[in-house]
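Read through the structure below, which is laid out as structure tokens, and then see the notes.
Scope of the values below: all heavy atoms of this structure, side chains included, with no hydrogens, waters or symmetry mates.
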Amino acid sequence: MPFDFAGRELVPGEQAKCASPAAAIERAQGMWRVLGHAGAAAFVRVGYPEGSITVLRTFGTVPEDFEA
């Protein structure tokens, strides 16, 4: 999930599904480094809509609740 600044606050971008945790980490890094978002987080969500989120890795600036 990418994050961008809107004024002084970080706002989330559109989430993307990935085939594996490694693919999610690679995609998050690309969103941050290549596409120029303020930050990005790779995470695994278990259960929907209520469930738990495990943050795998973050890049750049992300909200505190996504810090790994």
Inset, instruction - State plainly whether one hydrophobic cluster holds both Met1 and Val11, where clusters connect Ile, Leu, Val, Met, Phe, Trp and Tyr through side-chain heavy atoms under 4.5 angstrom apart. - result: no
Inset, instruction - Group every Ile, Leu, Val, Met, Phe, Trp and Tyr by side-chain heavy-atom contacts under 4.5 Å, then state whether Val44 and Met31 land in the same group. - result: no
Legend entry - Residue pairs passing the ring pair (Phe, Tyr, Trp, His ring centres under 6.0 Å) test where at least one lies in residues 5-27, sequence neighbours excluded: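 Listed by first then second residue: nothing to list.
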Inset, instruction - Return each pair, listed once, that meets ring pair (Phe, Tyr, Trp, His ring centres under 6.0 Å) where at least one residue sits in residues 7-26; pairs must be two or more places apart or across chains. - result: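 Residue pairs with at least one partner in residues 7-26: there are none.
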If you take all heavy atoms of [X] and [Y], which pair is closest and at what distance?
X	Y	result
Ala40	Ala28	CB-O, 3.2 Å
Val62	Leu10	C-CD1, 3.5 Å
Phe66	Ala41	CD2-CB, 3.9 Å
Phe43	Val55	CB-CA, 3.9 Å

Inset, instruction - Answer yes or no: is there a side-chain heavy-atom contact under 4.5 Å between Thr54 and Val46? - result: no
Legend entry - Atom pair CZ (Arg27) and NZ (Lys17), whose distance is rounded to the nearest 0.5 Å: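 Those atoms lie 12.0 Å apart.
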Inset, instruction - Name all pairs fulfilling the side-chain hydrogen bond (donor to acceptor under 3.5 Å, both in side chains) condition that reach into residues 32-43, sequence neighbours left out, sorted by first residue then second. - result: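 Non-adjacent pairs meeting side-chain hydrogen bond (donor to acceptor under 3.5 Å, both in side chains): Asp4-His37.
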